Chemist: 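Below you will find the structure I want to go over with you.
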Amino acid sequence: METFANARELSKRAAFEGDYVLGHSQREIRRLTIQGTLLRPITERLMRQVNIGPGMRVLDLGCGAGDVSMLAAELVGPTGSVVGIDRSAAVLDVASQRARLAGLKQIRFEQAAVQNYSSDESFDVVIGRYILHHQSDPVDFLRSAARLVRPGGGIAFHEIRVVQTADSLPYVPLWQLAGNLIETACRSGLPHYDVSNRLIECFFEAGLPQPHLFCETLIGGGIDSPLYAWMAESLRSFLPQLAKIGFALGEPGVLEAFEDNLRAAVVEARSQIVAPAQVCCWTRM
Ligand SMILES: C[S@@+](CC[C@H](N)C(=O)[O-])C[C@H]1O[C@@H](n2cnc3c(N)ncnc32)[C@H](O)[C@@H]1O
């Protein structure tokens, strides 16, 4: 039986940390912002459950283009503060520019790996979205994150469940195919693609209190659904990983019409489509 500890050991050896599977191209940054808009209500629910509110000090782990940091900044208001950290300098430039345009002066971005990050003051809440599955050792990552939380403060994660969750009724083969390809890319390219289903185990191994959990699923259909763009851009971002395992779809341009093709197929079938489930957890220290 595959145990979490075994999987953790294997991926540590593979040293995935220096090999972030999605990269930070302009197109990937665009995908992150489309994704950020879709996920915002779910992340906001998590932030409210962990009690992020005015005046608080929040740390966003692996902030990417800054969507989670900006949402936290709105909740803490001008009297609070948010620090967003990410290993990638390129993505932090985008995040800083977006925060500036939004007039959110209470955010600061810093380039750092979570495992090496230290701060003079601890945080009321430490949060991360779509970050645990990228870690070669999520338990060690959780311990590093927990060290940054003040006693009584909160720690929260929003992750994605990629295994067999894309669905459609009536059945739309193209939607299912996209879901299956993304699942394959995640299984082969992410060190812990299944961590969203192992959060209790992970928190236990890190010596943290058992997390509260909830799960939400994005569903849609019809001409205007943003799910087509999300699926098409996600598939595009995973093309290099699919090529790595020997499934080359050709030049990136091959997906130019994919979003429109998905929309047309779903609309024609009058299908109700289901996107991968969103799993959130939080606890207090
Ligand atoms: C999938 S993106 C998610 C970005 C953002 N949290 C969001 O939801 O829009 C993951 C980000 O985490 C960063 N990252 C991954 N592991 C990290 C680590 N150990 N320390 C700092 N940043 C990390 C990557 O560079 C990437 O920008």
Side-chain angles (χ1 to χ4, degrees), residues 1-17 19-22 39 42-43 45-52 59-62 64 68 85 87 113-117 122-123 125-166 179 182-218 241 274-285:
M1 191 184 74
E2 185 201 22
T3 67
F4 186 60
N6 286 347
R8 202 146 58 88
E9 197 44 45
L10 281 174
S11 60
K12 248 200 273 186
R13 273 184 241 147
F16 271 98
E17 223 103 65
D19 191 15
Y20 178 61
V21 74
L22 291 168
L39 301 183
I42 305 173
T43 307
R45 176 178 169 194
L46 175 64
M47 287 184 176
R48 293 196 186 279
Q49 292 209 349
V50 74
N51 270 335
I52 294 184
L59 177 66
D60 175 18
L61 309 172
V68 174
I85 62 170
R87 284 192 303 222
V114 172
Q115 293 85 341
N116 303 329
Y117 182 72
S122 54
F123 293 86
V125 174
V126 170
I127 190 162
R129 185 170 75 190
Y130 285 19
I131 178 90
L132 287 175
H133 56 215
H134 289 296
Q135 307 311 311
S136 61
D137 188 340
V139 171
D140 183 57
F141 181 92
L142 276 179
R143 289 196 193 106
S144 302
R147 275 196 288 274
L148 300 161
V149 183
R150 71 159 169 79
I155 185 164
F157 292 93
H158 176 161
E159 293 291 320
I160 184 169
R161 180 166 182 261
V162 289
V163 182
Q164 290 174 356
T165 52
I182 290 171
E183 178 178 336
T184 303
C186 289
R187 276 179 180 266
S188 61
L190 300 180
H192 287 285
Y193 71 92
D194 61 352
V195 74
S196 65
N197 280 0
R198 295 176 180 268
L199 293 165
I200 291 182
E201 180 188 10
C202 229
F203 272 58
F204 177 81
E205 283 193 22
L208 302 179
Q210 180 164 315
H212 304 269
L213 293 160
F214 70 86
C215 178
E216 288 199 19
T217 303
L218 293 162
Q241 174 58 28
V274 180
Q278 308 297 312
V279 182
C280 295
C281 71
W282 63 274
T283 192
R284 297 214 162 275
M285 307 298 297

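The basis for the numbers below is simple: all heavy atoms, side chains too, and nothing from hydrogens, waters or symmetry mates. As the structure is a prediction and not an experimental result, all values here were calculated from the model.
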Chemist: Please tell me if the side chains of L142 and E205 come closer than 4.5 Å, counting only heavy atoms from C-beta onward.
Modeler: no
Chemist: Considering only heavy atoms from C-beta outward, does the side chain of L46 approach that of F157 to under 4.5 Å?
Modeler: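 A side-chain contact under 4.5 Å is absent here.
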Chemist: To the nearest 0.5 Å, tell me how far L132 CG sits from C281 SG.
Modeler: 7.0 Å
Chemist: Exactly one of T283, I155, V126, V125 should register a side-chain contact (heavy atoms from CB on, under 4.5 Å) with V50. Which one does?
Modeler: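 For V50, the side-chain contact (heavy atoms from CB on, under 4.5 Å) test succeeds with only one of T283, I155, V126, V125, which is V125.
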Chemist: Which word best sums up how the rings of Y117 and F123 line up, parallel for under 30°, tilted for 30 to 60°, or perpendicular for over 60°?
Modeler: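 Aromatic pair Y117/F123 classed tilted.
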Chemist: Do R161 and P276 have side chains that get closer than 4.5 Å, going by heavy atoms?
Modeler: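 Counting from C-beta outward, R161 and P276 never come under 4.5 Å.
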Chemist: Please examine the side chains of H212 and W282, heavy atoms only from C-beta on, and report whether any two atoms are closer than 4.5 Å.
Modeler: yes
Chemist: Out of curiosity, I182 CD1 to Y193 OH, how far, rounded to the nearest 0.5 Å?
Modeler: 16.0 Å
Chemist: Quick check for you: to the nearest 0.5 Å, what is the distance between T184 atom OG1 and R187 atom CZ?
Modeler: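 Output value for this atom pair is 8.0 Å.
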Chemist: Could you check whether any side-chain heavy atom of F204 comes within less than 4.5 Å of a side-chain heavy atom of R198, counting everything from C-beta outward?
Modeler: no
Chemist: Do T217 and Q278 come close enough that some side-chain heavy atom pair is under 4.5 Å?
Modeler: no
Chemist: Test side chain to side chain donor-acceptor pair (under 3.5 Å) on H192 and Q135; report intermediate values, then the result.
Modeler: CA-CA 7 Å; H192 287 285; Q135 307 311 311; over 6 Å; no
